[in-house]
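So the structure is just underneath, and the comments pick up after that.
These numbers come from a predicted model, not from an experiment. Chain naming here is simple, since letters A, B, ... match the order of the sequence lines and numbering starts at 1 in each.
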Number of protein chains: 2
Amino acid sequence: MSRSGADLALLLLGGFRSLVDAATAELARRGYEDVRPVHDFAMRAITAGADNASELGRRLSVSKQAAAKTIAVLQERGYVARDTDPRDARRKRLHVTPLGFEVLRQGEAVFDELRDQWERQLGAAELATLETHLATLVGARPVRLDAPGWIAQDLGESV
Amino acid sequence: MSRSGADLALLLLGGFRSLVDAATAELARRGYEDVRPVHDFAMRAITAGADNASELGRRLSVSKQAAAKTIAVLQERGYVARDTDPRDARRKRLHVTPLGFEVLRQGEAVFDELRDQWERQLGAAELATLETHLATLVGARPVRLDAPGWIAQDLGESV
DNA sequence: CTCGTTTCGACAACCTTGTTGTCCATGACA
DNA sequence: TGTCATGGACAACAAGGTTGTCGAAACGAG
């Protein structure tokens, strides 16, 4: 019974959403409400060296204005902080706060737990195979997490 | 090398986006630009019996106002048409036009071609296994395609 | 040293896809 | 007939993104 291509797309989306929805819920349960993937993604980029809004925008493939808005939210929640750069007065150096790191750590743990759960359902070897195959198909293309409503914009067809 | 849970989520998202982006591009190439997944989804629901805005909203788990906006777009493009219901003057009966059906048909074909491509890369049996496993993990939960920016809102963590 | 160019950050206006709230016309029913 | 439910339209607003503009600071060439 060969499934249709549209079904396959739906399966992938469904898998992703299952994971993500569960993770979001668990994070909220642990006291980190309002944590969004974009936030996590941004914090990782900041940790990795994107210490100003313009650079963060570039790394996330988003306009610097959008990056600035994300930063504003993160800052408001206390996940990142900014101070002026003594060497370049135009910049405000960004860094992730201990609280921000805690969110990152917990988020990772939650996702790993979910993966373990799937592993118990499918078996370690099976899940590993599935991952390998997906990796083959997806390739090394970086995944962008931006673009609000992209699901509605890009999801081209038949899904 | 056990991958992390976050990577798994990213793989799923990546797979989905690969498919969808390719399909959108191909559809555009065939002359159907600006076709969005939501449109396809909505047309299917209309075909399946959601012949008015309120009902469509319910089926798509979206407010009737949002459904009405989608309908307005579809109508403008000529994919659906509306006429008054002779038995209930409050209603405007919806139906998909031949052009709309053509879009649906082509969209399906595009997705199937993409699936075939993956099948050639992985082998029929392997892809079937992958699909079966995903289906197991995802369960029968219907996938909602709504919520603008849900990716940014729900993607909870670590992804 | 000064002038032009580039870069950062902020502000404003606008788009898109949702959401609620409100309202009227119509239909269903007691 | 009077009351209540429903469909559709309109308005106001939210979230996330975009582009355009602009001032301040830095850099580099004369």
TODO: Provide, to the nearest angstrom, the distance between the CG atom belonging to B/Asp34 and the C1' atom belonging to C/dT16.
DONE: 12 Å
Task: Stretch residues 45-58 of chain B: residues that reach within less than 4.0 Å of DNA chain D through a heavy atom - done: B/Asn52, B/Ala53, B/Ser54, B/Arg58
- [ ] Verify the cluster assignment for A/Leu122 and B/Leu122: are they in a single hydrophobic cluster under the rule of side-chain heavy atoms below 4.5 Å apart?
- [x] yes
TODO: Begin from the C-alpha positions of B/Leu19 and B/Trp118 and carry the test side-chain contact (heavy atoms from CB on, under 4.5 Å) through to its verdict.
DONE: CA-CA 10 Å; B/Leu19 237 34; B/Trp118 279 20; 3.7 Å; yes
Open item on the list: In this structure, how many angstroms lie between the C1' atom of C/dT17 and the NE2 atom of B/His39, rounded?
Closed with: 10 Å
Task: Beyond-backbone contact of B/Thr129 with A/Thr129, side-chain heavy atoms, under 4.5 angstrom - done: no
Task: Along DNA chain D (nearest heavy atom to each residue), the more 5'-positioned of A/Lys69 and B/Arg91 - done: B/Arg91
- [ ] Give the cluster check for A/Ile71 versus A/Phe101: same hydrophobic cluster or not, with ILVMFWY residues linked at side-chain heavy-atom distances below 4.5 Å.
- [x] yes
Task: Salt-bridge present (B/Glu108, B/Arg105; N to O < 4.0 Å) - done: no
Task: Whole angstrom value for the distance that separates P of C/dC8 from CZ of A/Arg59 - done: 12 Å
TODO: Would you check if A/Tyr32 and A/Leu99 make a side-chain contact, meaning some heavy-atom pair closer than 4.5 Å?
DONE: yes
Task: Steps toward side-chain contact (heavy atoms from CB on, under 4.5 Å) verdict (A/Phe111, A/Val20) - done: CA-CA 8 Å; A/Phe111 264 104; A/Val20 155; 4.1 Å; yes
TODO: Let me have a per-nucleotide readout for nucleotides 21-27 of chain D, 5' to 3', with B, S or -, counting only protein heavy atoms under 4.0 Å.
DONE: ---BBS-
Open item on the list: Counting only side-chain nitrogens and oxygens, does A/Arg82 get under 4.0 Å of the OP1 or OP2 atom of C/dA10?
Closed with: yes
Task: Residue pair B/Lys92, B/Thr84: steps toward the side-chain contact (heavy atoms from CB on, under 4.5 Å) verdict - done: CA-CA 4 Å; B/Lys92 304 273 181 72; B/Thr84 55; 4.2 Å; yes
Open item on the list: Could you tell me how far apart B/Leu94 (CG) and D/dG8 (C1') are, to the nearest whole angstrom?
Closed with: 11 Å
Open item on the list: Please report the distance, rounded to the nearest Å, between CZ in B/Phe41 and C1' in C/dT17.
Closed with: 16 Å
- [ ] Assign each of A/Lys92 and B/Ala67 to its nearest nucleotide of DNA chain C by heavy atoms, then name whichever residue's nucleotide is nearer the 5' end.
- [x] A/Lys92
Open item on the list: With each end axis built from five pairs of C1' atoms, what bend angle do you get for the helix from C/dC1-D/dG30 to C/dA30-D/dT1? Round to 10°.
Closed with: 0°
Task: Phosphate OP1/OP2 of D/dG17 contacted by A/Ser63 side-chain N/O (<4.0 Å) - done: no
Open item on the list: Do B/Arg115 and A/Asp7 have side chains that approach each other closer than 4.5 Å (heavy atoms only, starting at C-beta)?
Closed with: no
TODO: Would you check if B/Thr70 and B/His39 make a side-chain contact, meaning some heavy-atom pair closer than 4.5 Å?
DONE: yes
Task: A/Glu55 with A/Arg58: basic N within carboxylate O range, under 4.0 Å - done: yes
